[in-house]
S.K.: 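Can you keep this structure in mind? I'll have questions shortly.
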Amino acid sequence: MAIQLRGRPLMATVTTLTSLGFLLIGYDNGLMGGLINSAPFKQTFNNPSPTITGLIVSIYELGCFFGSVWTSFFGELLGRRRTIFIGVVVMVIGAVLQTSSYERVQLIIGRVVSGVGMGAINSTVPVLQAEFSEKASRGLFVCMLLTTLNLGIFLAYWIDYAFTQTYTSTVAWRIPVILQCIFLVPMLVLLFVIPESPRWLAAHSRQADSLEVLQRLHSDHKTEEDINLLHEQIVKAVEFESSVGSGSWRDLLHNDEIQSQRRFLIACGIQSFQQLGGINALIYYSTTLFSTSLNFSDHLSALMSGFLQTWLFLASFIPWFLIDRVGRRPLLLSMITAMSLIMATQTGLIYNVQNDSSIAKGCGIGAAVMLFLFEGAFTIGFQATVWVYPSEILPLRLRQRGSAVSTACNWIFNYMIVQITPIALDNIGYKTYIIFAVLNACWVPIIYLFFPETKGLELEDVDRLFAKDNLVGSRLVMAVEHPSDRSQESHRDSEDQDRVPSGGKD
């Protein structure tokens, strides 16, 4: 490789690549919501009916679902870099197809193609980031990625607003669509600069290459002995996972000694829960919510939607300071509880607005505030953990496949929510919100009982967290613990002094 980045520059480059991937997720999520109601878009596609408009918006999620499923079959074989590369190329093709569309069929095909590429990217970049990051800062790095995701939503809403308010030609929607290539092209360049994940290399019998990447990554702040020890832990964990068979599809159907099936179900569960909690009903249809539920004018609804997504971006900085200090479970439990209470309150407020009661005006203001509070609670709790947790919880040999399937769960439920939200608002009105309140309330006991804390653990130590009995736990300790750990503690930097945590549940 021509460029041999080392240490912090290498870590910064990996984080830049994954950040661009997440920014793209946000941008594409927010893109169509601000374009489909514009006059140039309607004129180009002959005033599509609400059903066709819903199809144009939601078909992207189906593409993402199929891209994630494809990645679950081929991603582990190809590796992290190649999978992302293929996803980026496919997304460029999809962007060009959409931008050059004059017929609905071409636009829909372009949306599906872009979705397939996004599914591959979205399934892989969290894994790549987790496998390069150190345990003490893994959550922080993923929070940074989620801030860039929210930045993408923020940019999409305001770019849409600027172009649709400024231009009356098809430029109003074509330029915002093609602008996603601004993020895609740099990703292609960065993929040729970074190496493959050291954990993927170790899992595919390329131990020498894995050690070389670890040396490049840590040589500026770790001793040679510490790097060799980390490499030995990774290799031993791979060998142990291979011995219990945690790498094939069949392993998803039964619980082995390190509970691979349970860990897979947790990864899928948390991704599904976040979508069923209602967040994308707000992101995709915030303008509709402000106009339909709160009776705001079209212009004010568009402005409020932009402000709402701006708040989502700003609030996403809060978990930067919490996730690796407070932990994953406390953030999930507290914020999902808040989301449920907010939606329950919203139900009553919207009831008064829609029935034009004597306090309707005040309730309308309160309901608008509730939307801001809901998005704030989501980004602090759910969003801060939902992408880091599956990559942490899954065994190494199952990580790419499991992450891809859990991402597929995210996208298929995203598709469902995007499809049913306008129908629910039209048919049951304010009662839509109580559905989300009840669903969020259901997640709290499930997370409390079945989702363990992963804060501060090396990825290899999570196997011990799920070991079924003391004998398996002891074997894992022998697999990843170096005989000279204790004698060398005084020579390590502070973040590595607890290299093998206790492994107990929260």
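Counting from 1, the numbers follow the sequence of the chain as shown.
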S.K.: Check whether Asn150 reaches the backbone of Leu312 with its side chain - one donor and one acceptor, N or O, closer than 3.5 Å.
M.R.: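 The answer is yes, because a donor-acceptor pair under 3.5 Å joins these two groups.
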S.K.: Angle between ring planes, Phe163 versus Tyr167, binned at 30° and 60°: parallel, tilted or perpendicular?
M.R.: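 Rings of Phe163 and Tyr167: parallel, as their planes differ by under 30°.
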S.K.: I'd like to know if the side chain of Arg262 and the backbone of Phe450 have a donor-acceptor N/O pair within less than 3.5 Å.
M.R.: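 Judged by distance alone, yes, a pair lies under 3.5 Å.
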S.K.: Can you list everything that forms a salt bridge (Lys or Arg N to Asp or Glu O under 4.0 Å) with Arg8? Sequence neighbours excluded, please.
M.R.: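 Arg8 satisfies salt bridge (Lys or Arg N to Asp or Glu O under 4.0 Å) with no residue once adjacent residues are dropped.
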S.K.: Does NZ or CZ of Arg329 come closer than 6.0 Å to the centre of the six-membered ring of Tyr448, within 45° of the ring's axis?
M.R.: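 Ring-cation test returns yes.
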S.K.: For Trp173 and Asp160, which I'm curious about, is there any donor-acceptor pair between the side chains at under 3.5 Å?
M.R.: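 Result is no, nothing qualifies.
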S.K.: Examine Trp311 together with Phe374 and report whether their ring centres are nearer than 6.0 Å.
M.R.: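 Here the rings of Phe374 and Trp311 have centres that are no less than 6.0 Å from each other.
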S.K.: Are Tyr27 and Phe183 close enough that their ring centres sit under 6.0 Å apart?
M.R.: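 Centroid separation for Tyr27 and Phe183: below 6.0 Å.
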S.K.: What heavy-atom pair brings Ala267 and Ile393 nearest, and what distance separates the two atoms?
M.R.: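 Result for this residue pair: CB-CG2, 4.2 Å.
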S.K.: Should the pair Phe192 and Phe85 be assigned to parallel (<30°), tilted (30 to 60°) or perpendicular (>60°) ring geometry?
M.R.: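 If you compare the ring of Phe192 with that of Phe85, the planes turn out perpendicular.
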S.K.: What is the minimum heavy-atom distance between Leu62 and Ile412, and which atoms define it?
M.R.: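 The pair with the smallest heavy-atom distance is CD2-CD1, 3.8 Å.
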S.K.: Counting distance only, does the side-chain N/O of Ser197 pair as donor-acceptor with the main-chain N or O of Trp200 below 3.5 Å?
M.R.: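 Checked: pair present.
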S.K.: Determine, step by step, whether Glu453 and Arg328 satisfy the side-chain contact (heavy atoms from CB on, under 4.5 Å) criterion, reporting the C-alpha distance in whole Å, the side-chain angles of both residues, the deciding distance to 0.1 Å, and the verdict.
M.R.: CA-CA 6 Å; Glu453 182 59 74; Arg328 286 56 162 156; 3.4 Å; yes
S.K.: Please check if the distance between the ring centroids of Phe321 and Phe317 is under 6.0 Å.
M.R.: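 Not close enough - the centres of the two rings lie 6.0 Å or further apart.
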S.K.: Centroid-to-centroid, Phe66 to Trp70, below 6.0 Å?
M.R.: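 Between Trp70 and Phe66, which both carry aromatic rings, the centre distance is not below 6.0 Å.
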S.K.: Would you compute the distance between atom CZ of Phe65 and atom CG of Asn410 and round it to the nearest 0.5 angstrom?
M.R.: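 Nearest 0.5 Å value for the CZ-CG distance: 11.5 Å.
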S.K.: Could you report the tightest heavy-atom contact between Ser114 and Gln98, atom names first, then the distance?
M.R.: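 What the structure gives for the nearest pair is OG-NE2, 2.9 Å.
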S.K.: Tell me whether the centres of the aromatic rings in Tyr157 and Tyr161 are closer together than 6.0 Å.
M.R.: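 No - the distance between ring centres of Tyr157 and Tyr161 does not fall below the 6.0 Å cut-off.
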S.K.: What do you reckon, is CZ of Arg82 surrounded by more than 12 foreign heavy atoms closer than 6.0 Å?
M.R.: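 Counting other residues, nucleotides and ligands, CZ of Arg82 stays at 12 neighbours or fewer.
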S.K.: Could you check whether Arg206 pairs with Glu196 (Lys NZ or Arg NE/NH1/NH2 to Asp/Glu carboxylate O, under 4.0 Å)?
M.R.: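 So Arg206 does not pair with Glu196 through a salt bridge.
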S.K.: Compute the centroid of each ring, for Trp443 and then for Phe451, and state whether the two points are separated by less than 6.0 Å.
M.R.: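 Ring centroids of Trp443 and Phe451 are no less than 6.0 Å from each other.
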S.K.: So which atom in Thr71 and which in Gly67 form the shortest heavy-atom distance, rounded to 0.1 Å?
M.R.: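 Taking every non-hydrogen atom into account, OG1-O, 2.8 Å.
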S.K.: Using the test salt bridge (Lys or Arg N to Asp or Glu O under 4.0 Å), find all partners of Glu76 that sit at least two apart in sequence or belong to another chain.
M.R.: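 By the salt bridge (Lys or Arg N to Asp or Glu O under 4.0 Å) rule, Glu76 matches Arg80.
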S.K.: Between the main-chain N or O of Ile56 and the side-chain N or O of Arg111, is there a donor-acceptor pair closer than 3.5 Å?
M.R.: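 Between the backbone of Ile56 and the side chain of Arg111 there is a qualifying donor-acceptor contact (under 3.5 Å).
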